[in-house]
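Scope of the values below: all heavy atoms of this structure, side chains included, with no hydrogens, waters or symmetry mates. In what follows, chains are A, B, ... by sequence order, proteins preceding strands, each numbered from 1.
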Amino acid sequence: MIDLTFLRENPDIVRAAITNKNRDGIDLDRIIELADGRKKLSGDISEINRKRNAAQEARDFEAGKTLKDELKEAEERYQAAEKELVSLLIKIPNIPSADTPVGPDESGNKVIRQWGDKPTFSFTPKAHWDLGRELGIIDSEKAAEVSGARFTYLKGDLALLQNALVQLVINTLTSENEMAKIVQAFGLTVSPKPFTLVNPPIMMRSQVMNRMARLDPIDERYYFEKDDMVFIGSAEHTLGPIHMDEVLAEESLPIRYVAYTPAFRREAGAAGKDTRGILRQHQFDKAEMESFSKPEDGRAEQDLLVAVQEYLMQKIGLPYQVVLICTGDMGFPDQRQIDIETWMPGQDTYRETHSSDYVGGFQARRLNTRLKRASGEIEPVHMNDATAFAMGRTLIGLIENYQNEDGTITIPEALRPYMAGKTKIEKQA
RNA sequence: GGAGGGAUGGCUGAGUGGUCUAAAGCAACGGUCUUGAAAACCGUCGUACCGCAAGGUACCGUGAGUUCGAAUCUCACUCCCUCCGCCA
């Protein structure tokens with residue numbers, strides 16, 4: 001939710017954000033009108049209450065009766081205004097940062113840097129679905145019989161490879177040394193404080209997901225009506241509210257968490273898209289970072305999260321490009337979104353594998369997660385979330401980039417220690 | 001799933017219809033004293049909204065209700081604890 005004071009003072013900026021994020025049709029004038037009405041009613045209620053307190057002190061029962069009715073009416077009007085105000089306010093997306101390109105859709109995204117050399121092959125590289133089937137490490141046919149489309153069995157060495165990625169993430173992000181190395185290598189000035197590993201719930205109240213501004217579109221969520229709960233679409237969804245309704249001390253920040261969980265997406269509206277292989281699944285595993293910081297550090301914190309992503313990618317040697325997402329393609333609560341796209345030689349293209357969302361105080365305002373300054377001042381904390389590794393998509397990158405002519409897959413050196421020194425994935429027995 | 005108990009300020013905890021603008025203790029912060037510290041003593045010690053300020057209003061898990069008046073009574077919900085059952 002955006003800040004009402006900001007809206008009052010900068011209606012043009014908000015209007016532009018709504019348009020640039022393709023969310024036209026929100027009546028800002030009505031919002032201001034409701035906010036003004038609410039303010040007046042709040043004053044009225046205060047005044048009635050003051051009289052009521054006086055009447056009580058004087059034991060004036062008659063006046064009390066009258067005031068009771070007046071109060072009830074004023075409160076009803078206040079609540080009606082409040083309800084409509086919030087319902088409109090939560091439709092306003094977060095304001096894009098100044099460096100976010102304005103664009104209608106993904107065509108407006110900007111590649112800001114590339115890393116790594118695309119591998120050259122003396123043969124025609126295969127797509128992961130063919131290699132995976134041939135090696136016996138991806139079984140989508142059986143998964144389709146058991147669970148339906150967009151599910152898969154990852155087997156044997158591929159499952160071990162995923163485990164290795166998880167180990168790499170955990171060992172890197174929870175290590176003070178590794179974090180200091182990243183801060184230094186990328187020329188950052190943020191704290192090298194390591195991440196805390198968390199195993200969060202993967203189901204949550206729909207109401208709390210709504211406070212994260214992530215419930216919509218509801219069609220994208222697996223919803224359990226009997227319990228009014230949803231499956232998470234990312235660990236971000238339960239990591240973000242980990243401090244809701246709390247006041248964090250200034251000196252405790254930044255607070256950084258990393259979690260490895262399954263993520264669930266209905267992929268409604270993606271029918272027919274990426275139906276082959278494991279790129280777009282209803283269920284996939286992901287290591288996710290979430291961070292809470294002081295407002296003035298929020299932007300630098302995003303730079304750190306992106307640096308972590310790049311550091312991990314460079315460790316496993318996958319060529320990638322960093323993309324600054326434009327207004328029309330970025331997430332609703334995002335102030336600044338950066339994606340990493342990994343080179344997929346079997347498909348001869350870059351595909352999105354990572355995302356990094358700087359949401360400022362947008363989520364914290366509804367989550368009621370606040371920061372208390374040493375001076376005593378209280379304000380919403382700033383939040384960042386970012387992918388560490390989306391397992392399925394990273395495995396695609398590894399399979400396709402490290403494939404050999406004989407159909408085997410070389411295991412990158414950084415992952416071998418987590419696979420008992422194994423150097424290759426061969427046809428599984 | 002069954003039975004019972006509970007939710008009060010950063011923490012512990014008193015308060016069962018009207019000076020509750022919530023006792024007390026702990027913690028924290030400021031001060032006095034001290035070479036310094038501890039102890040002792042004095043003071044401060046929640047959040048939100050309105051207001052230039054003085055000040056006002058709301059908030060005792062959440063929501064509704066009873067009453068002139070609710071932390072206190074009623075109902076629903078949420079969460080926590082104990083026991084029983086089931087169970088990785």
Side-chain angles (χ1 to χ4, degrees), chain A residues 1-9 31-90 199-212 215 223-231 237-238 240-253 255 260-262 283 285 292 294-295 361-382:
Chain A
M1 189 165 66
I2 72 155
D3 182 42
L4 193 54
T5 310
F6 182 86
L7 170 61
R8 280 181 189 283
E9 289 169 5
I31 292 178
I32 301 295
E33 187 185 318
L34 284 162
D36 289 344
R38 186 182 64 162
K39 192 169 175 177
K40 164 134 191 352
L41 285 164
S42 159
D44 293 351
I45 289 171
S46 276
E47 182 57 22
I48 294 168
N49 270 320
R50 199 186 55 75
K51 286 186 193 156
R52 194 160 159 261
N53 289 340
Q56 271 171 52
E57 209 162 319
R59 295 289 192 278
D60 184 344
F61 297 170
E62 283 313 305
K65 279 181 189 170
T66 313
L67 288 163
K68 184 181 174 183
D69 294 338
E70 270 180 50
L71 181 66
K72 190 170 178 185
E73 202 213 314
E75 277 181 340
E76 275 166 7
R77 286 169 59 197
Y78 178 89
Q79 278 174 19
E82 165 84 6
K83 197 177 163 194
E84 190 184 346
L85 177 64
V86 171
S87 76
L88 291 177
L89 218 43
I90 62 175
N199 294 336
I202 61 171
M203 292 178 72
M204 66 189 298
R205 300 170 188 280
S206 63
Q207 223 178 351
V208 176
M209 193 182 267
N210 198 31
R211 284 171 76 177
M212 281 287 287
L215 188 58
Y223 176 59
F224 298 84
E225 203 169 349
K226 263 189 202 167
D227 302 288
D228 193 18
M229 293 188 88
V230 283
F231 262 161
H237 298 161
T238 41
I242 198 169
H243 292 298
M244 71 178 184
D245 295 318
E246 287 181 29
V247 179
L248 304 173
E250 182 171 11
E251 60 270 22
S252 70
L253 302 174
I255 297 175
Y260 170 55
T261 69
Q283 176 196 329
D285 297 315
F292 301 83
K294 291 186 268 186
F362 193 83
Q363 291 175 323
R365 227 164 272 125
R366 286 194 77 197
L367 289 169
N368 196 27
T369 305
R370 292 165 297 166
L371 145 74
K372 186 174 196 167
R373 302 282 189 178
S375 65
E377 211 176 309
I378 288 186
E379 60 192 305
V381 79
H382 276 211

Could you check how far [atom1] of [X] sits from [atom2] of [N], rounded to whole Å?
| X | N | atom1 | atom2 | result |
| --- | --- | --- | --- | --- |
| A:E47 | B:G55 | CD | C1' | 13 Å |
| A:D60 | B:U67 | CG | P | 18 Å |
| A:I48 | B:C68 | CD1 | P | 17 Å |
| A:Q207 | B:U62 | CD | C1' | 10 Å |
| A:Y78 | B:C49 | OH | P | 10 Å |
| A:K72 | B:A58 | NZ | C1' | 19 Å |
| A:R38 | B:A48 | CZ | C1' | 11 Å |
| A:D69 | B:U67 | CG | C1' | 12 Å |

Using Watson-Crick or G-U wobble geometry with both distances under 3.5 Å, which nucleotide pairs with [N]?
| N | value |
| --- | --- |
| B:C41 | B:G31 |
| B:C59 | B:G46 |
| B:G18 | B:C68 |
| B:A7 | B:U78 |
| B:U12 | B:A24 |
| B:C83 | B:G2 |

For [N] and [M], measure between their [atom1] atoms and round to the nearest Å.
| N | M | atom1 | answer |
| --- | --- | --- | --- |
| B:A48 | B:C87 | C1' | 45 Å |
| B:C11 | B:U62 | P | 14 Å |
| B:G31 | B:A39 | C1' | 16 Å |
| B:G9 | B:A28 | C1' | 14 Å |
| B:C81 | B:G63 | P | 23 Å |
| B:G46 | B:A7 | P | 24 Å |
| B:A24 | B:U34 | C1' | 30 Å |
| B:G30 | B:G36 | P | 16 Å |

Presence of [X] side-chain N/O under 4.0 Å of [N] phosphate oxygens OP1/OP2:
| X | N | answer |
| --- | --- | --- |
| A:N53 | B:C68 | no |
| A:R52 | B:G69 | yes |
| A:K40 | B:C50 | no |
| A:K39 | B:C49 | no |

So what does [X] hit on the nucleic acid, given a heavy-atom distance under 4.0 Å: a base, only sugar-phosphate, or nothing?
| X | answer |
| --- | --- |
| A:K372 | sugar-phosphate |
| A:I378 | sugar-phosphate |
| A:K68 | base |

Original post:
Between A:E70 and A:R52, is there a salt bridge with N-O shorter than 4.0 Å?
Top reply: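 Here A:R52 does not pair with A:E70 in a salt bridge, since their nearest N and O are not under 4.0 Å apart.
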Review point. Hey, are A:E47 and A:R50 close enough for a salt bridge, meaning a charged N less than 4.0 Å from a carboxylate O?
Key: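 Salt bridge flag = yes for A:R50 with A:E47.
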Review point. Can you list the steps and then say if A:K40 with A:D36 is a salt bridge (Lys or Arg N to Asp or Glu O under 4.0 Å)?
Key: CA-CA 6 Å; A:K40 164 134 191 352; A:D36 289 344; over 6 Å; no
Practice prompt. Taking the side chain as every heavy atom from C-beta outward, state whether A:L371 and A:P295 have any pair of such atoms under 4.5 Å apart.
Written response: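 Yes. Closest side-chain heavy atoms under 4.5 Å.
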Quiz item: Between B:A48, B:G18, B:C79, which nucleotide has the shortest distance from any of its atoms to the side chain of A:R205?
Solution: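 Nearest nucleotide to the side chain: B:C79.
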Subject >> Closest-nucleotide 5' rank along RNA chain B - winner of A:E62 and A:I45 >> reply: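 Closest to the 5' end, via its nearest nucleotide, is A:I45.
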For A:G64 and A:S42, find the nucleotide of RNA chain B closest to each by heavy atoms; which residue's nucleotide sits nearer the 5' end?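 Nearest nucleotide further toward 5': that of A:S42.
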>> Heavy-atom count check: over 12 atoms from other residues, nucleotides or ligands less than 6.0 Å from A:R77 CZ?
In response: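 Check fails, neighbour count at 12 or below.
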Before giving the answer on salt bridge (Lys or Arg N to Asp or Glu O under 4.0 Å), spell out for A:D245 and A:R211 the whole-Å C-alpha distance, their side-chain angles and the decisive distance to 0.1 Å. CA-CA 11 Å; A:D245 295 318; A:R211 284 171 76 177; 3.2 Å; yes
Q. Can you name the nearest heavy-atom pair linking A:Y78 to A:S42, along with the distance?
A.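 Shortest heavy-atom separation between A:Y78 and A:S42 comes out as CE1-CB, 3.8 Å.
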